[in-house]
There are 2 protein chains.
Amino acid sequence: MAARPAPEKNCEHIDPRVEALVTDLIGRVADKWTMILLEILEEKGTQRFTQIARAVPDISQKMLTQTLRRMERDGMLTRTVHPVVPPRVDYALTPLGETLSEAFCGVWMWAEANLERVEHAREEFDARQVAV
Amino acid sequence: MAARPAPEKNCEHIDPRVEALVTDLIGRVADKWTMILLEILEEKGTQRFTQIARAVPDISQKMLTQTLRRMERDGMLTRTVHPVVPPRVDYALTPLGETLSEAFCGVWMWAEANLERVEHAREEFDARQVAV
DNA sequence: GTGATCACTCTCTTTTAGGTAAGTATAAAT
DNA sequence: ATTTATACTTACCTAAAAGAGAGTGATCAC
């Protein structure tokens, strides 16, 4: 490996049917809460409902349930109900969920690395708008 | 910046303030239309308004304008107005936009690679639900 | 018997996203 | 004189997403 051969740019989508399906899947998966839950489960491993709720303080119960359920349906995580009282439900990423979490890692890192650049761009844009 | 050999896995967020900002940025950026426009501009280079509209047939004028404007504000792309009649406006990714496009590349590839797995998971889940 | 715990579900209301359609300015072509 | 083209903006409307808050069922501690 000599002069760094550019990090994979072959993002080509040939088949429009595949592209439509991929776009649809992206639409479901590239969602704020999904990304956050993915990250928490990746980071902390198996968690139960209230643990996740505490880790993401500004998510409503409704959104948490909804997002977890959709992720379960999509095969991102497993939901294990222990028939005890009070109830205990464990959530854990599947291998599929782990790979998605890794795929999003690049976006998290981009966001972290470029926060200031984006802030700066916004300020400049807004200043320009006011000026005109 | 040193060359990065392998996609790193250390997606740790320490500072909660940074995390909040990053989450917010992700929320703005991880949007269906943004991702699609990013990809089109990356693939085809500088494009004008109607060219993009034709490339994304199911986007409305309103959404296209809105998304382009937000992306301009966030520093993803430049908007160049040529004072001619009829008007001509060119859109091109900035280096910042290009890096984001690359970051999303991993997610596109994940989606393409795992479409069937997700489909399968959904079928199984739905079957389970009906059974219960 | 009262209250706490857990993981929800249900209902109601507000907020946001997004679509449709019309209007605008200008000059060149017909 | 009318039409065409471009890149929008504005107003209006509907549907979907999201938030708030109450309720549930079972068991145990007090």
Side-chain angles (χ1 to χ4, degrees), chain A residues 20 23-37 40-41 44 46-74 76-92 125-126 128-130 132, chain B residues 20 23-37 40-41 44 46-74 76-92 125 128-129 132:
Chain A
T23 300
D24 179 71
L25 182 53
I26 290 277
R28 285 163 190 274
V29 131
D31 144 88
K32 186 188 167 186
W33 296 131
T34 305
M35 285 183 68
I36 293 176
L37 296 192
I40 285 184
L41 287 172
K44 305 195 175 176
T46 304
Q47 293 280 108
R48 45 196 298 199
F49 191 84
T50 34
Q51 285 182 307
I52 303 176
R54 270 192 286 270
V56 193
D58 52 348
I59 194 172
S60 66
Q61 261 189 352
K62 182 186 165 183
M63 271 296 103
L64 183 52
T65 308
Q66 225 172 76
T67 309
L68 286 170
R69 214 50 60 84
R70 193 171 48 218
M71 288 170 76
E72 188 198 357
R73 181 165 116 95
D74 287 348
M76 305 293 142
L77 51 80
T78 56
R79 175 170 174 270
T80 314
V81 181
H82 302 279
V84 295
V85 169
R88 177 200 175 93
V89 180
D90 285 333
Y91 293 92
F125 180 89
D126 293 346
R128 243 179 294 148
Q129 291 317 98
V130 172
V132 179
Chain B
T23 301
D24 178 70
L25 182 53
I26 290 277
R28 286 163 190 275
V29 131
D31 144 85
K32 186 188 166 187
W33 296 130
T34 305
M35 286 182 68
I36 293 176
L37 296 191
I40 284 184
L41 286 172
K44 304 194 176 179
T46 305
Q47 293 281 108
R48 45 195 299 200
F49 191 83
T50 35
Q51 285 181 308
I52 303 175
R54 270 191 287 270
V56 194
D58 51 348
I59 193 172
S60 67
Q61 259 189 353
K62 183 186 167 183
M63 271 297 104
L64 183 51
T65 308
Q66 223 173 77
T67 310
L68 286 170
R69 215 50 60 84
R70 191 170 50 217
M71 290 172 76
E72 188 198 355
R73 182 165 117 96
D74 287 349
M76 304 295 142
L77 50 80
T78 56
R79 175 169 174 269
T80 314
V81 181
H82 301 280
V84 296
V85 169
R88 177 199 175 93
V89 181
D90 285 334
Y91 294 93
F125 180 90
R128 242 179 297 147
Q129 291 317 98
V132 177

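Below, all heavy atoms of this structure are taken into account, side chains as well, without hydrogens, waters or symmetry copies. Lettering follows sequence order; numbering is per chain, from 1. Computed from a prediction, not measured in an experiment: that's the story for all the values here.
Across all strands, Gln66(B) comes closer than 4.0 Å to no nucleic acid atom at all (heavy-atom distances).
Here the straight-line distance linking atom CE of Met71(B) with atom CG of Leu41(B) works out to 6.5 Å at 0.5 Å rounding. Separating the OH atom in Tyr91(B) from the OG1 atom in Thr46(B) is a distance of 12.5 Å, to the nearest 0.5 Å. Atom-to-atom distance recorded for Leu68(B):CG and Gln47(B):CD is 11.0 Å, nearest 0.5 angstrom.
The only member of Ile26(B), Asp24(B), Asp31(B), Thr23(B) that meets side-chain contact (heavy atoms from CB on, under 4.5 Å) when paired with Lys32(A) is Thr23(B). Exactly one residue among Leu64(B), Ile59(B), Ile36(B) makes a side-chain contact (heavy atoms from CB on, under 4.5 Å) with Ile52(B). That residue is Leu64(B).
Closest non-hydrogen pair, Lys44(A) versus Ala55(A), comes out as NZ-CB, 3.9 Å. Between Arg28(A) and Arg70(A), the shortest heavy-atom contact is O-NE, 4.4 Å. Across Met35(B) and Val29(B), no two heavy atoms sit closer than the pair CG-O, 4.4 Å.
Read 5' to 3', the first and last nucleotides of DNA chain D with an atom closer than 4.0 Å to a heavy atom of chain B are dA5(D) to dT9(D).
Panel note: side chain Thr65(A), backbone Gln61(A); a donor-acceptor pair is recorded below 3.5 Å.
Annotation: of the two residues near DNA chain D, Gln61(A) and Val85(A), the 5′-most nearest-nucleotide partner is Gln61(A). Where Asp58(A) and Pro87(A) each meet DNA chain D at their nearest nucleotide, the meeting point lying more 5' is that of Asp58(A).
With rounding to whole Å, Leu68(A) atom CG is found 11 Å from dT9(C) atom P. Straight-line distance from the CG atom of Asp90(A) to the P atom of dA7(C): 8 Å, rounded to whole Å. One interatomic measurement links the two molecules: NZ of Lys62(A) to C1' of dT15(C), which rounds to 12 Å at whole-angstrom precision.
Contact check for Arg48(A) versus Val89(A): no side-chain heavy atoms found under the 4.5 Å cut-off. Within the 4.5 Å cutoff, the side chain of Arg69(A) has heavy atoms near those of the Arg79(A) side chain.
Scanning residues 46-55 of chain A for heavy-atom distances under 4.0 Å to DNA chain C yields Arg48(A), Phe49(A), Thr50(A). Contact check of residues 26-34 of chain A against DNA chain D (heavy atom, cut-off under 4.0 Å) returns no residues at all.
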